[in-house]
Undergrad: 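Questions regarding the structure given below will be posed in turn.
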2 protein chains.
Amino acid sequence: MPPTPVRFDAHPDTYRHWTLSVDGAVARLTLDVDERGGLVEGYELKLNSYDLGVDIELYDALQRIRFEHPAVKAVVVGSAKEKVFCAGANIRMLAQSAHSWKVNFCKFTNETRNGMEDASAHSGIAFVAAVNGSAAGGGYELALACDEIVLIDDGSSAVSLPEVPLLGVLPGTGGLTRVVDKRGVRKDLADVFATKADGVRGKTAVDWKLVDATVPRSRFADAVAERAAAAAARSTRPDAAEGVALTPLVRDESDTRIAYTHVTVDLDRAARTATLTVGAPTTPAPVDPDAARREGAAFWPLAVTRELDDAILHLRTNENTLGTWILKTAGDADAVLAHDAFLAAHADDWFVNEVRHYLKRTLKRLDVTSRTLLALVEPGSCFVGPLLELALAADRQYMLDGVFEDAPDAAPAELRLSDANFGAYPMGNGLTRLRSRFHGDPAHVEALAKHLGEPLPAAEALALGLVTYAPDDIDYEDEVRIVVEERASLSPDALTGMEANHRFTGPETPETKIFGRLSAWQNWIFIRPNAAGPDGALRKYGTGQRADFDNERV
Amino acid sequence: MPPTPVRFDAHPDTYRHWTLSVDGAVARLTLDVDERGGLVEGYELKLNSYDLGVDIELYDALQRIRFEHPAVKAVVVGSAKEKVFCAGANIRMLAQSAHSWKVNFCKFTNETRNGMEDASAHSGIAFVAAVNGSAAGGGYELALACDEIVLIDDGSSAVSLPEVPLLGVLPGTGGLTRVVDKRGVRKDLADVFATKADGVRGKTAVDWKLVDATVPRSRFADAVAERAAAAAARSTRPDAAEGVALTPLVRDESDTRIAYTHVTVDLDRAARTATLTVGAPTTPAPVDPDAARREGAAFWPLAVTRELDDAILHLRTNENTLGTWILKTAGDADAVLAHDAFLAAHADDWFVNEVRHYLKRTLKRLDVTSRTLLALVEPGSCFVGPLLELALAADRQYMLDGVFEDAPDAAPAELRLSDANFGAYPMGNGLTRLRSRFHGDPAHVEALAKHLGEPLPAAEALALGLVTYAPDDIDYEDEVRIVVEERASLSPDALTGMEANHRFTGPETPETKIFGRLSAWQNWIFIRPNAAGPDGALRKYGTGQRADFDNERV
């Protein structure tokens, strides 16, 4: 059993598995897994294999590179172990884990690797995988998330995806998709590769496009350094010396509540809900990016995003019977919009750019979260601009028309659209949430743009299709109670599949293919006896016995 | 247990569940399920619910409309039952079926409904769903496959997808995807709809875009007829009076072999392989489309496609432990290319158009078949033009370089590209198989076009990336033996997931989303205890007891 709760806090000073070193424009992220540092009892993290704890450190390091080290333009992802790059996810960990743990683990590792590609695409940070030895399974998938892969040419080190031949499961971190879709490996060669337990090395690995170069040991370090320097020289990341420190998150916790500075999470285990309330800023927007940097981790858009990110990860991992998340906002809508305008006006500033993309990635976490998301828009809320994205990410939106009887003097809730809803925070499918919502009526999105900044009370929000229901005080609480009870009565699996299909209309990208197609197949395979049963491949691995397969194809 | 083997032969004269009537440009396909006509013991097909047997008749009817009734430009899909359109797939059938049967059943029903959309898009045959009563689950999904949905307005008849709320599974025939992607229903309304067991009716159903119109009983028949007539008037299908009869397929069968006229299937149960050998035409191409029509069902491209189609469906359904299909061809390559050229030259002819799209759909069946597909290119083969698509659909291609030692006088195998490989037979993702194969190198597809018609022996085919391996006689049989043995040793589930991911690179379409994303989620849900376990929703349905769910989200 994992510790409860799993924490997503980390700091380079206390990493057990990674080291992060920065030298001018090039950072080095070096994997040196502490075999005895597993998050859970029952396995040793041999050969630089990883579990969730290792990946939490990786995620932390990537965030720090983006925020604390703005001068970094290239990152070398390497290993401190001799002849071993990374053996991927630890198999004993997978074999002993519950289905839900495996699925959640894969989701987080996928998000982290997608985050590396996001840093490359949007922050000008290139990643060079220095594959100094065997890179198997998730080890190779880590390299696949990099922009370039340099494989040592020592006559033995290979890249491989041995999951299918050895474990009877799929590579769990986007490997199949990235091999064919990102690297353009021909499907027949991909088929050979993904069924070949010992992988591919040397010139063949280059010819098949599995790696970019293979270099003898004598020249390996130099070749990697040259590629990193060249990538840094090509980077679009502006020169910036001073970073913003990601100071520790402050959480005030009880059994029923987690209170951050701006975000609170109320847990109702009887109703099986978590209510996330996101607070507006209580200070004015800074005058310029330097002022924002002086606010540092307290700068509201950064602070609220970090808190939301942590809350999402916490609830997903530690509270997985709370099947419905209720999304609320509270506070001064004008203050939200002032910060939104600040972010838009200074989007070219490196720090503001990082904050915006971080919020984008955090909103994307919601899109792939397997919980019912209900937005409740009530008096005192501030679903405007970037916070309106929370409501649009939800499966349904309930907006009170008017006020609650017991607070007759409150101002009725209003939504407000800003430019933030028209491009800054796209989903993984490349569309805005508005464009995705009105997939059947793109002209309506253009029509909505005419309402930019306009206060939209319930009746208007309903007419414009921005909310699902807008009951008045007589019906509101009953309707919300009924939907919460109904969700709690339905099959969690069916809801997960249904929500995953409804949320992603229209086009697909490698990212949505990883979370939609690949993850769904993996979920299926993970639960089949051929993998997870007592005689399945995942259980038999390392025992010297062969798995006993039901040979029926479906 | 289903009868062994399930047969896919059908004829309107012997339908038990459907009637097909043709009146000028409008055909009527009317569902009147024989409750006692289930394919398997143990359930009654009440309320126009269906099983595979019902859908086999539907598939047959659609094929006959396309080939035997070229004057038909619109099809009214209706019901002969009072106040019931169709209750969808029979739940008791699903509850008592093995996982593999459920998955295969859904695949075939999906292909049939995609075929309706294909007829609309490429044959100018519009489908109007005349929803005269409740259309639940697969019943509504059948309507969703139509171009227009007319719902009776009688105060009670509704369209619904009750799978999630009542059965704990997803709609299995593309419902979620078509609701949001095809009909453009907003995702929050789709969420409400797919969790509302009693569905939506009347004006709300129109407002939410779930149906196109709702019409009172008194005007229902007229309104449907008017829409069908209007659709027929808009049709691009050319006027043609004389159809081509789809005469019964001839199969000569033993325990180890099925011999059609052009296709033979050799079954090796020990090796768990089926070898499909597709034969070239033995007669010249006809001089014009009228001559092709005089050949009728014997016209080689039609005959070979029908046989291949039947063989695929037979093997999928009745031989699901044969995990590897070996694809071979035999005969005169020039004769194949002569027919190919004929098809290309007369693509505008209604009959030739039908043949081409039928071959396209049949090749698509291969793409979504959960078997390892290996193409073996040997002396005497004719992998040219349209038959080269068989090799390109395969996961790997093995081509003998030279000749077998025991037949030294044979001519070495050659591939030949034709225009057929550059557009006529796209995959479900909209790409040609060549374009999909060279996803990472589109310029290579252009380069290949320069080799049109050129005989490509093994070395050249290998250099051009058209085959995976080209061993000579010394290694060939060993290599083939090894891959066949290796596939037989691997997890069938992992192979299915891996192949499904590798085969579809690049863009996605509603069709690939149905087979990739939606089907994968459904497979997962179908195998979870919350659906299929003894206390799962599928088993508890109709017992009056509630399902007992594990409430953990993953």
Side-chain angles (χ1 to χ4, degrees), chain A residues 99-100 103-104 164-165 168-170 176-177 180-181 183-188 190-191 194 209 272 320-321 323 370-371 395-397 437 439-441 465 468 490-494 496-498 500-503 505 508 516-518 520-521 523-525 527-528 530-531 537 549 551-554, chain B residues 99-100 103-104 164-165 168-170 176-177 180-181 183-188 190-191 194 209 272 320-321 323 370-371 395-397 437 439-441 465 468 490-494 496-498 500-503 505 508 516-518 520-521 523-525 527-528 530-531 537 549 551-554:
Chain A
H99 181 66
S100 59
V103 171
N104 249 306
V164 170
V169 299
L170 301 186
L176 300 182
T177 304
V180 293
D181 269 312
R183 297 198 59 94
V185 176
R186 243 169 53 205
K187 77 164 181 179
D188 57 330
D191 180 279
K209 305 187 185 178
R272 293 202 285 106
N320 64 4
T321 60
S370 73
R371 301 289 190 281
D395 298 299
R396 301 188 192 178
Q397 301 77 29
R437 183 177 183 86
H439 176 68
D441 190 5
T468 318
L490 298 179
S491 160
D493 307 333
T496 293
M498 181 190 80
N501 279 284
H502 281 155
R503 290 177 190 169
T505 47
E508 300 259 352
R517 169 189 287 268
L518 189 58
W521 282 112
N523 282 5
W524 176 65
I525 293 163
I527 202 75
R528 293 272 285 170
N530 282 340
F549 292 133
N551 285 316
E552 207 171 56
R553 283 276 197 146
V554 298
Chain B
H99 181 66
S100 59
V103 171
N104 250 307
V164 170
V169 299
L170 301 186
L176 300 183
T177 303
V180 292
D181 269 313
R183 297 197 58 95
V185 175
R186 243 169 53 205
K187 76 164 182 180
D188 58 328
D191 181 280
K209 305 188 186 180
R272 294 202 284 104
N320 65 3
T321 62
S370 74
R371 301 288 191 281
D395 298 299
R396 300 187 193 180
Q397 303 76 28
R437 183 177 184 84
H439 175 67
D441 190 6
T468 318
L490 298 179
S491 160
D493 307 332
T496 293
M498 183 190 78
N501 278 284
H502 281 155
R503 290 177 190 170
T505 48
E508 301 259 352
R517 170 189 286 268
L518 190 58
W521 282 112
N523 282 5
W524 176 66
I525 293 163
I527 202 76
R528 295 271 284 170
N530 282 339
F549 293 133
N551 285 316
E552 207 171 56
R553 282 276 196 146
V554 298

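Just so it is clear: chains get the letters A, B, ... in the order the sequence lines come, proteins before strands, and each one is counted from 1. Nothing here was measured: the structure is a model prediction, and the numbers come from that model. Only heavy atoms go into these numbers, but all of them, side chains included; no hydrogens, no water, no symmetry mates.
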Undergrad: Please say which of R396(B), H502(B), R437(B) ends up in a side-chain hydrogen bond (donor to acceptor under 3.5 Å, both in side chains) with D188(A).
TA: R437(B)

Undergrad: Hey, which of P165(A), A494(A), G323(A) has the most heavy atom pairs under 4.5 Å with chain B?
TA: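 Looking at each option in turn, the highest pair count goes to A494(A).
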
Undergrad: Which one wins on heavy-atom pair count under 4.5 Å against chain A: S100(B), G184(B), A537(B)?
TA: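 Greatest number of close heavy-atom pairs with chain A: S100(B).
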
Undergrad: Can you say whether V164(B) sits under 4.5 Å from chain A via the side chain, the backbone, both, or neither, judging by heavy atoms?
TA: both

Undergrad: Does any backbone or side-chain atom of A531(A) lie under 4.5 Å from a heavy atom of chain B? Answer side chain, backbone, both or neither.
TA: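 Neither part, no heavy atoms under 4.5 Å.
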
Undergrad: Got a sec, which residues hit salt bridge (charged side-chain N to carboxylate O under 4.0 Å, His left out) with D395(A), two or more places apart in sequence or on another chain?
TA: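 Here the qualifying residues are R503(A).
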
Undergrad: Can you tell me which of D441(A), N104(A), T177(A), L170(A) forms the most heavy-atom pairs within a distance under 4.5 Å of chain B?
TA: L170(A)

Undergrad: What option among A520(A), A194(A), G440(A) has the most heavy-atom pairs under 4.5 Å with chain B?
TA: A520(A)

Undergrad: Could you tell me whether E508(A) and R517(A) make a salt bridge, using a distance below 4.0 angstrom between a side-chain N and a carboxylate O?
TA: no

Undergrad: Mind ranking Q397(A), K209(A), H99(A) by heavy-atom pairs under 4.5 Å with chain B and telling me who comes out on top?
TA: H99(A)

Undergrad: To the nearest 0.5 Å, tell me how far M498(A) CE sits from L176(B) CG.
TA: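 Reported to 0.5 Å precision, the distance equals 7.5 Å.
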
Undergrad: Count the heavy-atom pairs under 4.5 Å between each of N530(B), V103(B), N501(B), T321(B) and chain A, then report the option with the highest count.
TA: N501(B)

Undergrad: Heavy-atom distances under 4.5 Å only: say whether A190(B) touches chain A with side chain, backbone, both or neither.
TA: both

Undergrad: How close do W524(B) and I527(A) get, counting heavy atoms only, and between which atoms?
TA: CD1-CG2, 4.0 Å

Undergrad: Going through the checks in order, is the side-chain contact (heavy atoms from CB on, under 4.5 Å) test met by T496(B) and W521(A)?
TA: CA-CA 9 Å; T496(B) 293; W521(A) 282 112; 3.9 Å; yes

Undergrad: With chain B, which of G516(A), S370(A), A500(A), G465(A) has the greatest number of heavy-atom pairs at distances under 4.5 Å?
TA: S370(A)

Undergrad: Examine whether an atom of V180(A) lies under 4.5 Å from a heavy atom of chain B, and if so say whether it belongs to the side chain, the backbone or both; otherwise answer neither.
TA: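 Answer is both: backbone and side chain atoms of V180(A) are under 4.5 Å from chain B.
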
Undergrad: According to salt bridge (charged side-chain N to carboxylate O under 4.0 Å, His left out), who are the partners of R183(B), at least two apart in sequence or on a separate chain?
TA: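 Partners of R183(B) by the salt bridge (charged side-chain N to carboxylate O under 4.0 Å, His left out) criterion, ordered by chain and then number, come out as D212(B).
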
Undergrad: Measure the CZ-CG distance between R186(A) and D191(A) for me, rounded to the nearest 0.5 Å.
TA: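 Atom-to-atom, R186(A):CZ and D191(A):CG are 11.5 Å apart.
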
